[in-house]
Structures are given as C-alpha cells and as structure tokens.
Amino acid sequence: MLSGFKEFIMKGNVMDLAVAVIIGAAFSKIVNALVESVLMPAISAVVGSPNFDTFAVVTLRGNELKFGVLLTAVVNFLLIAAAVYFCIVMPMNKMIERRNRRMGIEPTEEPADPNTVLLTEIRDALTAHPDALRTEGRHSGPAV
C-alpha cells in the first residue's frame, strides 16, 4: 500500500502540478501588485476613482444594487488577464519560438480536417465549372 502511494506521489505529473501550484501562488502576488499598484492607479488618474464601486448604484425597495462593484471586478479580471498575457504568455512564446529556430525545429502544421478538404474541393470545382449542376437545360437546384 505504501509503495503504491510512493509511486503515485513520484509520478511526474503530480510533481509538475505541485510545482505549478506553488509557482502560481507566488506569481499571483506579482500580478496583483502590478494590477493594484500600477494599472489601477493609472486608471484612477484617468477616470478619477481607483475603482467603480460607487458607479451605477441603484436603490430598489431599500436595497442597493451595486453594478459598479461588478464593473470593478470585470476591469480587474481584464487587467489581470492582460498582465498575464503580455508579461508571461507572449514573452514565453517568443522565447520558445527563438529557441526552436536556434535548434532548427520547424513548427508542424496540424492536418486539415478531411471534411473541410472535401468541401473546399467541391467549392473549387463548382467555382471552376458553374454549369456542373445543370443537366440537359434543367436546373437541379438553386444557383451557386
């Protein structure tokens, strides 16, 4: 039983996942600092408020509906997504691309879907021969 547990823990994907969670938790502090200390103050300088919490508050039968809180959450999500993309994903993709070029690795094209290839061939054949649908002067369907 213990050897099975040891084998499970030592699998590469479990260790990779553990490292990813730890790095992700540590990196989230960097992303949050970027959003809270750089991007949101920049938006505040333009808009005049560090958040939109007090924007579009509607009172309905004594209850406040705070649409601005939702707007703040959406803006924060978009800022975090942009920060992750431009600070992590894009640079990593560029580094991988440069490394692959240096190593002589060519990007592989995914094979086209056979149905798409067939439909493309049919479209091209019909474009090249528009009378292909006509039989003995009768039209067998709508014009293509």
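Distance check, rounded to the nearest 0.5 Å: NZ of K94 to CZ of R98 gives 8.5 Å. Between L118 atom CG and D113 atom CG the span is 10.0 Å, to the nearest 0.5 Å. To the nearest 0.5 angstrom, I30 atom CD1 is 8.0 Å from I88 atom CD1. One distance of note links CG of L65 with CG of L70; it measures 11.5 Å at 0.5 Å rounding.
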- Step by step, work out the side-chain contact (heavy atoms from CB on, under 4.5 Å) result for L34 and I80. CA-CA 8 Å; L34 174 66; I80 289 170; over 6 Å; no

- Run the side-chain contact (heavy atoms from CB on, under 4.5 Å) check on E121 and D124 step by step: do they pass? CA-CA 5 Å; E121 290 173 1; D124 294 343; 5.8 Å; no

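Here the side chains of F67 and V57 are not in contact, with every heavy-atom distance at 4.5 Å or above. Counting heavy atoms from C-beta outward, R99 and I96 have side chains that approach closer than 4.5 Å. Using a 4.5 Å heavy-atom threshold, the side chains of R123 and T120 count as touching.
Hydrophobic cluster membership differs between V31 and L78, with clusters built from Ile, Leu, Val, Met, Phe, Trp and Tyr side chains linked at under 4.5 angstrom. Cluster annotation: V69 is not connected to V75 through the hydrophobic network of ILVMFWY side chains, with a link wherever side-chain heavy atoms come within less than 4.5 Å. When hydrophobic clusters are built by joining Ile, Leu, Val, Met, Phe, Trp and Tyr residues whose side-chain heavy atoms come closer than 4.5 Å, directly or via intermediates, L39 is not grouped with V74. The same ILVMFWY cluster, assembled from side-chain heavy atoms under 4.5 Å apart, contains both V38 and F86.
Counting heavy atoms of neighbouring residues, nucleotides and ligands inside a 6.0 Å radius, atom CZ of F77 does not exceed 12 of them.
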